[in-house]
Amino acid sequence: MAVLDRVDLVIHGGTVVNADGRGEATVAVADGRIVAMLDPELPLPEHDRAIDARGRLVIPGGVDPHCHIGQRLGEYQALDDHRAASTAALWGGTTTVIDFAIPDPGQSPLDAVGERRKLAEISRCDSALHGCVVEWDDTTPGQIATMAGLGVRTIKLFTTYRDRVMAEPDVVLEVMRTLRSVGGIAYVHAEANHVIEDAQGLAAADGAADAGHHPMTRPELAELAAVTEVLATAEHVGAAVYFVHQTIKEAVDLVRAARRRGVRAYTETCPHYLSLDESAYAGTHPERFVCCPPLRAASSVASLRARALVGDVDTLGSDHCCYSTSQKLQHADDVREMPNGLPGVETRLPVGFTELVVRGGMPVERFVAMFATNPARLNGLSTKGVVAVGADADLVVLDPAERRTVTVSGLHMATDYTPYEGAELTGWPTFVVSAGRVVLDGDGFDDPGPVGRALDADPIPEYLLT
Ligand SMILES: [Zn+2]
């Protein structure tokens, strides 16, 4: 092989794990890219910096497909911005975050994309964006095409939150059909609104709409009903569909069955749906666990985890959202008014690694697929999610034997709590390399400044992850 010029960084002695296999290799990095994967027996090329990864794993930097950064929802403004969220992401081994451009009332989807792209200029890591369509009019197909031209090919659709962001079934259908023509995918939050409104109304009539009763206001059947309908719509129009945050095995199984019929349907779940259950709502801070869908019964969590362990879950997204305890407590007695969502961009790796790899025995390769490779592919990010020559030098070095106890004071997300306080977790990055820069090492975080790039999604291939 050709002799390498001096490189910026070498990572040597570690076991490189990709979604499709592992091996010992020296990773050489120059100009933000991986330029060589070398036989570990060879002398190191000349370099500016070396990371000794002996006894450690070297995996692709995480791609978090589901982050709500500084989300505004009615009167509530999430507490982070792109600087804070990307900093926390890097601390947790995620080097690409994908945010949502959810239009404010009266704002067009395209304008929302423009606004979010501007907000992302302060990001410390690379970022991409999902669009969002709520209503359909004559301009919508053109807007979707324009967004695709801008590198935004995934469109979020909500089947719930009437009068805020809910898209009617015919809007879901039209968006899917249009996305098919631009190489895009619909990202669907699937909970049947009529079931939820009914359950919420019944709970409220019983004086039981507080955070402690959150699960009964959003039953599992609501998820099952919406996934069934949305899958049928996707199959009808021949479009791809990605379900965000699936929480029950029945929903995962529907997606798998559709895949076997040739439907391009995909399942995401979140670390909290694999590791926490509804007993959290009986604790002293039920509001801190209010997310939608809610945490499920322990038996449901166990069967979801079992599906993940056999490879039926494609991606792990954080559904990161930074509201504080006091914001959530402004309407403590009514979850319909409470801002929902959990902080999680920083803990996605350790929670997922601990639950799936350490406790569940999942091969690290499969975990890497869920954590980085599949989210990259399903978002048209061809330079992400893999440790290979030509890929962006986004790398995590972690010690699979190191355990740490989680405390909110040891984390960097812009809120006052973590759902994992006191948990002992494995899977913390020792080193994080983002676009070729070492941003985290034994000395802590080295802020790279606002260097994150806005990534453009390529058309997503017709046949993917079959
Ligand atoms: Zn979300």
Side-chain angles (χ1 to χ4, degrees), residues 62-74 76-80 82 85 88-89 94 96-104 109 112-113 116 119 127-134 152 154-162 164-167 172 185-193 196 214 218 222-223 226-227 230 241-248 251 266-274 276 288-296 313-323 327-328 335 338-348 351-352 370 375 378-379 413-415 419:
V63 178
D64 192 336
H66 193 156
C67 299
H68 299 277
I69 299 174
Q71 170 155 288
R72 197 166 51 227
L73 207 69
Y76 297 107
Q77 170 74 49
L79 296 172
D80 57 357
H82 278 78
T94 284
T96 302
V97 292
I98 311 183
D99 183 28
F100 293 86
I102 297 172
D104 287 330
V113 163
R116 298 304 298 186
L119 292 172
S127 68
L129 200 53
H130 304 297
C132 174
V133 170
V134 178
V152 176
T154 44
I155 300 285
K156 181 79 172 278
L157 297 161
F158 294 88
T159 67
T160 185
Y161 306 120
R162 194 202 301 273
R164 286 193 287 169
V165 291
M166 184 172 110
V172 172
I185 297 187
Y187 267 52
V188 181
H189 176 136
E191 287 183 292
N193 192 69
I196 288 169
H214 182 48
R218 305 186 87 90
E223 182 174 345
V227 169
V230 170
V241 59
Y242 174 106
F243 290 95
V244 297
H245 52 50
Q246 289 201 316
T247 70
I248 52 173
Y266 305 102
T267 288
E268 171 194 279
T269 197
C270 309
H272 42 284
Y273 298 120
L274 294 168
L276 303 172
R288 290 178 170 176
F289 298 89
V290 169
C291 52
C292 301
L295 302 176
R296 303 298 193 189
V313 174
D314 298 300
T315 68
L316 192 63
S318 67
D319 202 0
H320 171 81
C321 204
C322 269
Y323 292 113
Q327 284 178 304
K328 284 174 172 276
V335 285
M338 187 179 290
N340 62 72
L342 307 182
V345 73
E346 187 173 1
T347 46
R348 187 174 66 112
V351 174
M370 291 174 65
L378 289 169
N379 284 283
M413 295 177 284
T415 184

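Positions are given from 1 along the sequence. Ligands are counted one by one from 1 in listed order, and the atoms in each one are counted from 1 as well.
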### Task
Output, in order, the C-alpha distance, side-chain angles, deciding distance and verdict of side chain to side chain donor-acceptor pair (under 3.5 Å) for Asn340 and His214.
CA-CA 11 Å; Asn340 62 72; His214 182 48; over 6 Å; no
### Message
Checking Asn379 against Tyr242 for the side chain to side chain donor-acceptor pair (under 3.5 Å) test, could you report, in this order, the C-alpha distance in whole Å, the side-chain angles of both residues, the deciding distance, and whether it holds?
### Response
CA-CA 10 Å; Asn379 284 283; Tyr242 174 106; 5.7 Å; no
#### Entry: Polar protein atoms (N, O or S) that approach the Zn ion (ligand 1) to under 2.8 Å
His66 NE2, His68 NE2, Asp319 OD1
### Query
Taking the six-membered ring for Trp, are His130 and Phe100 parallel (under 30°), tilted (30 to 60°) or perpendicular (over 60°)?
tilted
### Task
State whether a side-chain donor-acceptor pair under 3.5 Å links Gln246 with Thr267.
yes
#### Entry: Sole residue of Arg116, Arg72, Arg164 in salt bridge (charged side-chain N to carboxylate O under 4.0 Å, His left out) with Asp104
Arg72
### Task
Evaluate the side-chain proximity of Pro343 to Pro419: yes if any heavy-atom separation is below 4.5 Å, no if none is.
yes
